[in-house]
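Order of listing sets the numbers, starting from 1, for every ligand and every atom in it. Keep in mind it's a predicted model, so treat the numbers as computed, not measured.
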Amino acid sequence: MKQLFINIKELLQIRENNITKLSGAEMKELPTIKNAWLLIENDTIANYGEMSSLPKLEVDTTIDAKGKIILPGWCDSHTHIVYAGNREQEFADRINGLSYEEIANRGGGILNSAKTLQETSEEEVYRQSAKRLEEVIKLGTAAVEIKSGYGLTEEGELKMLRVIKKLQENYDLPIKATFLGAHAIPREYKESPDAYMDLVIEKILPKVAKENLAEYIDIFCEKGYFSVDDTHKLLSAAKKFSLKPKIHVNQFHAIGGIQAGIEHEALSVDHLEVMRPEDIESLKGTDTMPVALPSCSLFLSIPYTPARKMLDAGLPLALASDFNPGSTPSGNMNLVVSLACIKMKMTPEEAINAATINGAYAMDLSKTHGSITRGKKANFILTKEIPSYTFLPYAFGTNAIESVFINGKIVG
Ligand code: NIG
Ligand code: FE
């Protein structure tokens with residue numbers, strides 16, 4: 001099956017296939033072809049160029065994309081899409097003056113979602129999660145990472161990971177699974193948090209690995225949750241099962257989580273709302289991708305990741321949604337890209353790079369996804385008629401997407 005797109009107003013993010021991530025000043029460049037054509041063969045990007053160079057091609061369909069832009073689908077490298085129920089009451093409580101921390105200390109927060117998850121059947125968790133996944137695909141997400149972390153028991157964690165597995169089987173986009181058993185300390189372990197760490201490391205982790213339910217390991221390294229010591233312990237144990245770290249660090253306090261992640265060759269360190277100069281310094285020259293989650297900052301009214309400082313120091317940066325019921329009940333990557341520009345002073349080029357190729361890197365997918373490159377998967381967004389790509393972050397809240405293609409097939 002050959003599909004040819006012609007008269008594309010602008011084809012974005014054209015890269016050679018040796019580019020796996022972009023750092024610092026490189027992120028300012030967004031290579032494009034104006035008035036372009038794009039040939040898709042089955043599930044693969046076969047070729048592209050300027051309309052003036054369009055060769056004579058035998059194709060099955062030709063799509064006229066006049067006035068429209070094509071760009072790689074969003075690569076959302078940090079989500080908690082699998083959960084049960086919602087926490088809109090906590091949202092109202094925060095409006096009325098309680099903080100996220102106070103709500104968590106009263107037994108709300110992650111523990112609230114864990115209780116609901118435990119009480120909900122696997123089929124129902126799947127149904128609710130699949131609905132969210134379909135929603136974000138329509139919004140342009142064409143590769144996604146999903147974490148466990150609302151089970152907090154062996155049964156609950158495995159239930160979540162099995163739901164992720166079922167999503168992997170039933171949907172065509174790449175879905176990467178992360179085991180986040182160390183997301184919060186369950187109430188029963190309040191007085192003996194080490195016993196919970198033992199349960200995660202000695203009982204649940206080996207099962208997750210044996211059933212091949214996750215590729216990555218995560219931990220919420222934060223005051224009141226898990227310490228840097230816990231992080232070292234868990235990441236060392238996970239290494240024996242070849243689970244790579246992608247960890248929650250520096251959301252509310254900088255306690256050394258970044259350095260722990262780097263020591264264990266984390267693929268990514270995520271959140272980074274609170275960054276000390278030494279945290280930026282530590283990331284220099286490493287293969288670890290820093291990931292910012294601006295929708296979380298918006299929803300919780302907490303600081304935004306200091307993207308400008310990080311990019312100006314030469315670091316790479318990826319953007320992700322953090323879609324979850326507590327801190328970010330939205331998986332809209334278009335909004336994430338807008339917020340990165342509006343609140344983090346990233347340029348549209350930097351934000352698009354961060355949400356595509358760098359997001360792909362943060363899921364080990366940048367050899368196959370994240371750019372318009374011959375041989376990569378045909379996962380891309382076709383916009384409506386828009387004046388320029390800057391219109392995407394500028395017109396925040398507007399849905400500028402006409403359709404989304406995954407493996408060459410139109411999905412939304
Ligand atoms: O990434 N910070 C830790 N975990 C999630 C929020 C969890 C929740 O409130 O349910 C996050 O923001
Ligand atoms: Fe998160």
Side-chain angles (χ1 to χ4, degrees), residues 76-91 93-94 98-118 125 128-129 132 136 144-152 156-157 160 164 176-186 216-226 230-231 245-255 257 261 266-274 289-305 318-331 333 336 339 359 362-363:
D76 188 354
S77 67
H78 180 138
T79 84
H80 310 247
I81 280 179
V82 170
Y83 59 83
N86 280 294
R87 306 223 300 267
E88 63 270 37
Q89 185 52 47
E90 292 181 9
F91 172 60
D93 291 345
R94 280 197 301 109
L98 285 183
S99 70
Y100 182 76
E101 204 176 355
E102 283 162 342
I103 291 167
N105 290 341
R106 291 175 176 206
I110 295 168
L111 298 186
N112 181 356
S113 287
K115 185 168 181 286
T116 315
L117 188 286
Q118 288 160 10
V125 177
Q128 294 181 18
S129 307
R132 281 186 286 271
V136 300
V144 68
E145 179 259 16
I146 310 177
K147 301 170 193 300
S148 68
Y150 292 118
L152 307 184
E157 286 297 306
M160 288 188 75
I164 300 175
K176 297 288 191 144
T178 300
F179 172 47
L180 174 56
H183 195 192
I185 296 161
Y216 303 116
I217 183 79
D218 194 351
I219 181 166
F220 188 16
C221 181
E222 179 59 58
K223 276 190 190 165
Y225 293 82
F226 298 93
D230 293 331
T231 305
K246 279 172 70 63
I247 61 176
H248 281 73
V249 293
N250 292 46
Q251 182 176 7
F252 301 108
H253 303 93
I255 59 171
L267 178 60
S268 71
V269 285
D270 304 25
H271 269 290
L272 315 177
E273 288 87 342
V274 180
M289 177 62 70
V291 180
L293 311 166
S295 306
C296 175
S297 299
L298 173 76
F299 192 71
L300 293 187
S301 300
I302 61 174
Y304 286 82
T305 300
L319 288 166
S321 73
D322 199 19
F323 196 174
N324 77 73
S327 72
T328 323
S330 160
M333 284 294 287
V336 168
L339 287 172
M363 294 186 274

Query raised in the report: So does D270 have any N/O/S atom less than 2.8 Å away from the Fe ion (ligand 2)?
Result: no
Query raised in the report: With no hydrogens and no angle check, is any side-chain donor or acceptor of Q118 less than 3.5 Å from a backbone partner on G156?
Result: no
Report summary line: Residue, atom and distance of the protein heavy atom nearest atom 6 (C) of ligand 1 read Y100 OH, 3.3 Å
**Report entry** Distance, nearest 0.5 Å, that separates CG of L293 from CZ of F299
**Finding:** 14.5 Å
Query raised in the report: In Å and rounded to the nearest 0.5 Å, what is the CG to CG distance from N324 to L180?
Result: 10.5 Å
Requested in this report: Answer yes or no: is there a side-chain heavy-atom contact under 4.5 Å between Q251 and C296?
Outcome: yes
Query raised in the report: In D322, what N, O or S atom is nearest to the Fe ion (ligand 2), if we give its atom name?
Result: OD1
**Report entry** Closest protein heavy atom (residue, atom, distance) for atom 4 (N) of ligand 1
**Finding:** H183 NE2, 2.8 Å
Report task. Answer yes or no as to whether an N/O/S atom of H80 is found below 2.8 Å from the Fe ion (ligand 2). Result -> yes
Query raised in the report: Does any N/O atom on S327 come nearer than 3.5 Å to any N/O atom on ligand 1?
Result: yes
Query raised in the report: With respect to the Fe ion (ligand 2), what is the nearest N, O or S atom of H248?
Result: NE2
Query raised in the report: So D230 and I219, side chain to side chain contact (heavy atoms under 4.5 Å, CB included) or not? Walk me through it.
Result: CA-CA 9 Å; D230 293 331; I219 181 166; 4.1 Å; yes
Query raised in the report: Taking both backbone and side-chain atoms of Q251, is any N or O found less than 3.5 Å from an N or O belonging to ligand 1?
Result: yes
Report task. Assign the ring pair H248 / H271 to parallel, tilted or perpendicular, where the plane angle (0 to 90°) is split at 30° and 60°. Result -> tilted
Requested in this report: Please confirm if an N, O or S atom belonging to H78, backbone or side chain, lies less than 2.8 Å from the Fe ion (ligand 2).
Outcome: yes
Query - Backbone N/O of E145 and side chain of T79: donor-acceptor pair under 3.5 Å - result: yes
Query raised in the report: Taking E273 for the side chain and F252 for the main chain, is one N or O donor matched with an acceptor at less than 3.5 Å?
Result: no
Report task. Using a strict 4.0 Å cut-off to heavy atoms of G326, name the atoms of ligand 1 that fall inside it. Result -> 8 (C), 9 (O), 10 (O)
Requested in this report: Looking only at protein heavy atoms, identify the closest one to atom 10 (O) of ligand 1 and say how far it is in Å.
Outcome: Y150 OH, 2.6 Å
**Report entry** Heavy-atom donor-acceptor pair, R132 side chain to Y83 backbone, under 3.5 Å
**Finding:** yes
Query raised in the report: Hey, which atoms in ligand 1 end up nearer than 4.0 Å to a heavy atom of H271?
Result: 1 (O), 2 (N), 11 (C), 12 (O)
Report summary line: Ranked by distance from atom 11 (C) of ligand 1, the top protein heavy atom is D322 OD2, 3.2 Å
Query raised in the report: Does ligand 1 have an atom under 4.0 Å from some heavy atom of E222?
Result: no
